[in-house]
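The analysis underlying the following values was restricted to heavy atoms, covering all of them including side chains, and did not include hydrogens, waters or symmetry mates. From a predicted model like this one, the values you see are computed outputs, not experimental measurements.
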Amino acid sequence: MAMRPYTAGRRRESAKTVDRVLEAAERLIREGTFHAAAMDELAGAAGVSRATVFNRFGSKLGVLEALFTRGMEGPEMAAIQEALALEDPAEALDAAIAAACAIWEAYGFVHLQLQAVGVLEPEAAALVDQQRDEQRADLEGLTRRLAKSGRLRPGLSQARATATLHMLTSLESFLWLRQSYGLSLRQTRETLAELARTLLR
């Protein structure tokens with residue numbers, strides 16, 4: 001059955017409203033004011049009513065969760081999966097480092113906000129934990145492939161290699177280089193890739 005024109009129009013308008021709220025939330029997070037902003041302020045920044053934000057997201061945490069989900073379903077996350085799927089595990093390692101840097105550059109600020117909120121909000125903490133668990137599982141798979149192909153450095157266990165890769169691809173390591181030391185995105189990516197290659201024979 002064909003979609004009625006007015007139904008399609010409503011869905012497009014609803015999608016635009018969601019985008020406006022998420023874009024406003026992004027701005028507030030980058031400005032460092034999201035945590036203190038009331039729902040009225042978020043709605044005003046998005047150019048919608050407070051009721052609209054509540055109806056679409058339920059709460060500020062709902063907005064934050066929607067931002068997180070958008071990042072996890074975006075092209076940056078797809079690039080990580082494509083990197084891990086490369087046939088050569090050493091090439092997959094380099095590509096995964098680059099993809100991890102790309103997603104942290106694009107959405108790291110959302111994860112930082114979630115971590116801060118997670119201190120008081122179990123739902124936010126659960127999202128962060130889920131992301132870390134999935135990242136660890138992906139890296140365990142990559143480490144197994146490196147070990148199977150004889151590419152891991154002699155004497156290095158898979159558990160230690162996975163732990164090292166998890167640290168190197170973490171948001172914390174990325175921000176330490178990117179913000180604390182002022183490295184460019186390229187320099188950060190190259191530094192992490194060089195460190196990751198020390199795991200290989």
Taking it one step at a time, do L192 and T169 satisfy side-chain contact (heavy atoms from CB on, under 4.5 Å)?
-> CA-CA 8 Å; L192 293 173; T169 57; over 6 Å; no
Which atom of [X] lies closest to which atom of [Y], heavy atoms considered:
X    : Y    : value
V63  : A25  : CG1-CB, 3.6 Å
L200 : A90  : CD1-CB, 4.2 Å
A161 : L156 : CB-CD2, 3.9 Å
Q187 : S184 : OE1-N, 2.9 Å

Could you check if a side-chain atom of V48 sits within less than 4.5 angstrom of a side-chain atom of R20, using non-hydrogen atoms only?
-> yes
Does the side chain of F174 reach to within under 4.5 Å of the side chain of L183, using non-hydrogen atoms?
-> no
Examine distances only and state if a side-chain atom of [X] and a backbone atom of [Y] form a donor-acceptor pair shorter than 3.5 Å.
X    : Y    : answer
R178 : T188 : no
R145 : A92  : no
T162 : Q158 : yes
S180 : L177 : no

Identify, with sequence neighbours excluded, every residue that meets ring pair (Phe, Tyr, Trp, His ring centres under 6.0 Å) alongside H111.
->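 Ring pair (Phe, Tyr, Trp, His ring centres under 6.0 Å) check on H111 returns F68, W104.
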Pair F57-T52, side-chain contact (heavy atoms from CB on, under 4.5 Å): steps then yes or no = CA-CA 8 Å; F57 302 98; T52 296; over 6 Å; no
I need the [X] [atom1] to [Y] [atom2] distance, nearest 0.5 Å.
X    : Y    : atom1 : atom2 : value
L114 : I29  : CG    : CD1   : 8.0 Å
R151 : E91  : CZ    : CD    : 9.0 Å
L120 : L61  : CG    : CG    : 11.0 Å
E23  : L67  : CD    : CG    : 10.0 Å
L93  : L146 : CG    : CG    : 6.0 Å
N55  : T17  : CG    : OG1   : 11.0 Å

Carefully, step by step, assess V117 and K60 under the rule side-chain contact (heavy atoms from CB on, under 4.5 Å).
-> CA-CA 10 Å; V117 173; K60 279 177 59 182; over 6 Å; no
For [X], enumerate each residue passing the side-chain hydrogen bond (donor to acceptor under 3.5 Å, both in side chains) test, keeping only those at least two apart in sequence or located in another chain.
X    : value
R186 : E190
R132 : E172
E134 : Q130

Side chains of residues 34-44: which donor-acceptor partners sit under 3.5 Å, not counting sequence neighbours?
unit_1, atom_1, unit_2, atom_2, d
H35, ND1, G32, O, 3.4
D40, OD1, R50, NE, 3.0
E41, OE2, A38, N, 2.7

What side-chain donor-acceptor pairs closer than 3.5 Å can you find for residues 69-87, not counting sequence neighbours?
unit_1, atom_1, unit_2, atom_2, d
T69, OG1, E65, O, 2.9
R70, NH2, E26, OE2, 2.6
Q81, NE2, D138, OD2, 3.4

Would you find more than 12 non-hydrogen atoms of other residues, nucleotides or ligands less than 6.0 Å from R160 atom CZ?
-> no
Is it the case that more than 12 heavy atoms not belonging to E123 sit under 6.0 Å from its CD atom?
->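 12 or below, so no.
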Could you give me the CA-CA distance, side-chain angles and deciding distance for L175 and L112, then say whether side-chain contact (heavy atoms from CB on, under 4.5 Å) is met?
-> CA-CA 10 Å; L175 292 179; L112 278 180; 3.5 Å; yes
Any ion pair linking R136 and E140 (charged N to carboxylate O, less than 4.0 Å)?
->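 Yes, this pair counts.
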